[in-house]
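Taking it in order: structure first as C-alpha cells, then the write-up.
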Amino acid sequence: MNLYAKLLERQAARRPIRIGLIGAGKFGAMYLHQVLRTPGVHLVAIADLSPSRARENLNRVGWRPEQFAATSLEDALKNGTTFLTDDWKALVKCEGIEVIAECTGNPVAAVEHCLGAFANGKPVINVTVEADAFCGPILAQRARQAGVIYSLAYGDQPALACDLVDWARACGFPVVAAGRGHKWLPHYRESTPETVWDHWGLSAEQAARGGMNPKMFNAFLDGSKPAIESAAIANATGLEAPSQGLAFPPGSVDDIPTLMRPRSEGGILESKGQVEVVSCLTADGKPIPNDIRKGVWVCFEGDSEYIRNCFQEYSVVTDPSGRYMSSYKKWHLIGLELGISVASIALRKEATGVATTFNADVAATAKKDLRAGDTLDGEGGYTVFGKLTPARTSLAKGYLPLGLAHNVRLTKAVAKDSCITWADVAIDETLPAVRVRREQEAFYSSPGARRES
C-alpha cells in the first residue's frame, strides 16, 4: 500500500526506476501513456521490430517528440529521454536499465527475450502470457538461477486473479476456485478472424477504424485466451485445471459463490481448488446483468461456524448454504496498470504473480478437420483453438502447447476437436522456446516433479 510513496522517494532522490520495453503494440502503448504520469520512473528505451510504429504510438498517446529524441541508450540515460530501436539485445544488455517489460505478444520471441534478459541480470515482466502458459515454470526457474525476478503483468487478468487468491489466503480463507469472466457460447469455439466481429458486436469497418487485430480478438472469443490465462492462474496459485476443460458456466457476480462449489454441494466444480471462467451470457445468448466479463474473482470458504456467522452478520452475498463467498475486481485496465508490476519488482523485489508449479496446460486443438501438410496458425486463427487441460494429461498424451502452434506444419491428419500432439507436427527443435518447453516436460515428467519448481 506504499508503492506511490516509494516512487516519490525515488523521484526526490533523482534515482528513477529505469525501464526497457520490448514491443510497443496495444498493451505497450497503454503503458506508454501512463508512464508519463508516474513519478520516479524513466522509460529508457523501446525495442520494436518497427520503430516507426512505436513512434506513431508515442505520438498518439501524448508524448512530445523531444521526449523520445534520444540518439542512443547512453544519451537516453544521460538526459532522461527515451531511445527507439529495433535491437532488443542491446536493450537487455544495457547496464542502466533495471527492469524489462516484454510486451510483444509473440510467445516464441518472448521466450528468447526473457532468457536474454535473465542472462544479463535483468528481471522481466512478461506481458506475453501465451509464453507463460506453456513454459512459465521453467522461465521462473531460470530467473531464480540468474538471481532475478520473473513476473506476470499486473493489469492482465492472471496477475489480478493471483492478487485476489493471495489476499484470500493471507486472510486465512481456504480458496475453492478462482478465475476470470468471459463472453462465451459453445459455437464461438469455431470462430475465425473472418467471423469474430459478428460475434463481438462490431462491424469490420468499425474494427478497422479502431485498429483492432481480428486474430487477437478472436483468440479471446474462441476460448483460447481464457484457457491461456486460466493456465497461468493455475500454475501461479497451485489451483488445478478441470479434467474436461473449462465449463464457462453463466452467471452474475452474485452467482459466483453458488456456481463455484463442488458438484456434491450443488455447484459445477469437480473438486475444491480449481480454476474456471464465468460467462456473461445465458445458454440462449442473453446478456446477464451485473456480469464479471471484464474482471476476475476468487471464491473462498467459510470453514467454521464463526466465519459463516460473520458472513451473515455483515450481509455479504454467499451461496444458499452460507458457506461460500466471493470477492472480485470487476474490471481490468490492461497496460494502464502495468506500473504496479514495475514498482513492485523494482521497489519491493516482489513479482505480481509467478508460476510455481505445472498444474495446467493449453493444448492446441483442431478447429476443423485438418490435413497432413496444413500449417497451424496459432491462437485466434483458422486452424486451432486452445483447450485447458491438466498438465499431467498433457504430458502423458504428448499434447502440443498452443503457444508453439505458430507456423507449424502438420505431418498427419487431425480430426476436428482433437488435441494435436508433438507426433502430429514437424517443428524446429532448435528454437529456444521449444527447447525450454522440452526442458519443462522432462522436469515435470520425472518422479516426484509435481512439487513446486
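Because the structure is a prediction, the values reported are computed rather than measured.
- One side chain, S394 or D361, offers a donor N or O that lies under 3.5 Å from an acceptor on the other.
- Around CG of D417, the count of heavy atoms belonging to other residues, nucleotides or ligands within 6.0 Å exceeds 12.
- For the residue pair E270 and S243, a side-chain donor N or O sits within less than 3.5 Å of a side-chain acceptor on the partner.
- For the atom pair Y444 OH and I138 CD1, the distance stands at 6.0 Å (nearest 0.5 Å).
- Shortest non-hydrogen contact noted between A161 and I233 is CB-CD1, 3.6 Å.
- The side-chain heavy atoms of V35 and W63, taken from C-beta on, include a pair separated by under 4.5 Å.
- Counting only heavy atoms from C-beta outward, the side chains of E429 and V434 approach each other to under 4.5 Å.
- Residues I125 and I100 form no side-chain contact, since every pair of their non-hydrogen atoms from C-beta on lies 4.5 Å or further apart.
- Closest heavy-atom contact between I292 and K329: CD1-O, 3.9 Å.
- The CG atom of D166 sits 6.5 Å away from the CG atom of D163 when rounded to the nearest 0.5 Å.
- Under the 4.0 Å criterion applied to side-chain N and carboxylate O atoms, D319 and R261 are assigned as salt-bridge partners.
- Within the model, atoms CG of L152 and CG of N235 stand 9.5 Å from one another, a figure rounded to the nearest 0.5 Å.
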Open item on the list: Quick one, D132 with Y150, criterion side chain to side chain contact (heavy atoms under 4.5 Å, CB included). Give me CA distance, side-chain angles, the key distance, then yes/no.
Closed with: CA-CA 10 Å; D132 186 85; Y150 169 76; 2.7 Å; yes
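- L221 pairs with exactly one of V196, L185, T192 by the side-chain contact (heavy atoms from CB on, under 4.5 Å) rule, that one being V196.
- When side chains are defined from C-beta on, E130 counts as touching I228, because their heavy atoms get closer than 4.5 Å.
- Ion pairing between R437 and E441 holds under the 4.0 Å rule for side-chain N and carboxylate O.
- In terms of heavy-atom proximity, S191 sits nearest to N218 at OG-OD1, 2.6 Å.
- Here the straight-line distance linking atom CG of L269 with atom OG of S271 works out to 7.5 Å at 0.5 Å rounding.
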- [ ] Could you walk me through whether K215 and E379 pass the salt bridge (Lys or Arg N to Asp or Glu O under 4.0 Å) test, one step at a time?
- [x] CA-CA 8 Å; K215 192 170 185 285; E379 60 269 4; 5.8 Å; no
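- The main-chain N or O of A109 is never found under 3.5 Å from a side-chain atom of E112 such that the two would form a donor-acceptor pair.
- The main-chain N or O of C103 is never found under 3.5 Å from a side-chain atom of T128 such that the two would form a donor-acceptor pair.
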TODO: Might you work through the side chain to side chain contact (heavy atoms under 4.5 Å, CB included) test for F118 and Q145, ending with a clear yes or no?
DONE: CA-CA 9 Å; F118 301 157; Q145 291 168 349; over 6 Å; no
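- Judged purely by distance below 3.5 Å, without hydrogens or angles, the side chains of D284 and T282 pair a donor atom with an acceptor atom.
- We find that E301 and R323 are joined by a salt bridge, their nearest charged nitrogen and carboxylate oxygen being less than 4.0 Å apart.
- The existence of a salt bridge linking R409 and D374 is excluded, since no basic side-chain nitrogen approaches an acidic carboxylate oxygen closer than 4.0 Å.
- Under a 3.5 Å cut-off, the side chain of H406 and the backbone N or O of L376 do not form any donor-acceptor pair.
- At a threshold of 4.5 Å between non-hydrogen side-chain atoms, the residues R392 and F358 do not count as touching.
- In this structure, the side chains of S326 and V298 stay at 4.5 Å or more apart for every pair of heavy atoms.
- No close placement of the Y399 and W422 rings is indicated, their centers lying 6.0 Å or farther apart.
- Between the side chain of S344 and the main chain of I340, no donor-acceptor pair closer than 3.5 Å is present.
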Open item on the list: What verdict does the ring-ring contact (aromatic ring centres under 6.0 Å, His included) test give for W167 and F300, after you've listed the backbone C-alpha separation in whole Å, the side-chain angles of each residue and the deciding distance to 0.1 Å?
Closed with: CA-CA 11 Å; W167 166 84; F300 50 93; 5.6 Å; yes
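- The backbone N or O of C419 sits nowhere less than 3.5 Å from a side-chain atom of T365 that would complete a donor-acceptor pair.
- Judged by distance alone, with hydrogens and angles left aside, the side-chain atoms of N120 form a donor-acceptor pair with the main-chain N or O of G116 at under 3.5 Å.
- The backbone N or O of R55 sits less than 3.5 Å from a side-chain atom of N59, completing a donor-acceptor pair.
- Annotation for K93: atom NZ does not count as buried by contact number, only 12 or fewer foreign heavy atoms lying within 6.0 Å.
- Residues V408 and L404 approach most closely at CG2-O, 3.2 Å, considering heavy atoms.
- Side-chain contact check for D255 and S252: at least one donor-acceptor pair (N or O, by modelled atom type) lies under 3.5 Å.
- Around NZ of K330, the count of heavy atoms belonging to other residues, nucleotides or ligands within 6.0 Å exceeds 12.
- A donor-acceptor contact closer than 3.5 angstrom is absent between the side chains of E350 and T352.
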Task: Step-by-step side chain to side chain contact (heavy atoms under 4.5 Å, CB included) determination, V108 to N106 - done: CA-CA 6 Å; V108 173; N106 182 325; 3.8 Å; yes
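- Ring geometry for W200 against W197 counts as perpendicular: the plane angle is over 60°, on a 0 to 90° scale with 30° as the lower cut.
- Salt bridge K272/E240: absent, no basic N to carboxylate O contact under 4.0 Å.
- Here E98 does not pair with K122 in a salt bridge; the nearest charged N to carboxylate O distance is not below 4.0 Å.
- Note: N359 CG to T237 OG1 = 7.5 Å, rounded to the nearest 0.5 Å.
- For W297 and Y328, the ring centers sit 6.0 Å or farther from each other.
- Paired with E190 under the rule salt bridge (Lys or Arg N to Asp or Glu O under 4.0 Å), one option of K368, K416, K367 passes, and it is K416.
- In terms of heavy atoms, S224 sits closest to G386 at OG-N, 2.9 Å.
- The shortest distance between side-chain heavy atoms of T318 and Y324 does not fall below 4.5 Å.
- Checked for salt-bridge contact, R180 and E229 meet the test: a charged N lies under 4.0 Å from a carboxylate O.
- Q440 contributes a side-chain N or O that, together with a main-chain N or O of F134, makes up a donor-acceptor pair within less than 3.5 Å.
- At distances below 3.5 Å, at least one donor-acceptor pair connects side-chain atoms of D87 with backbone N or O atoms of A90.
- A donor-acceptor pair under 3.5 Å is formed between the side chain of Q157 and the backbone N or O of G295.
- More than 12 heavy atoms of other residues, nucleotides or ligands shown are found within 6.0 angstrom of CZ on R37.
- For the residue pair S341/S151, the side-chain donor-acceptor check at 3.5 Å is not satisfied.
- At a cut-off of 3.5 Å, with distance as the only test, a side-chain donor of D377 or T383 sits close to an acceptor on the other residue.
- Side-chain atoms of T195 and D198 form no donor-acceptor pair, as typed in the model, at a separation below 3.5 Å.
- Using a 4.5 Å heavy-atom threshold, the side chains of H199 and K183 count as separate.
- Summarising the geometry, atom CD belonging to Q244 is positioned 11.5 Å from atom CG belonging to L388; distances are rounded to the nearest 0.5 Å.
- Counting heavy atoms of neighbouring residues, nucleotides and ligands inside a 6.0 Å radius, atom CG of L49 does not exceed 12 of them.
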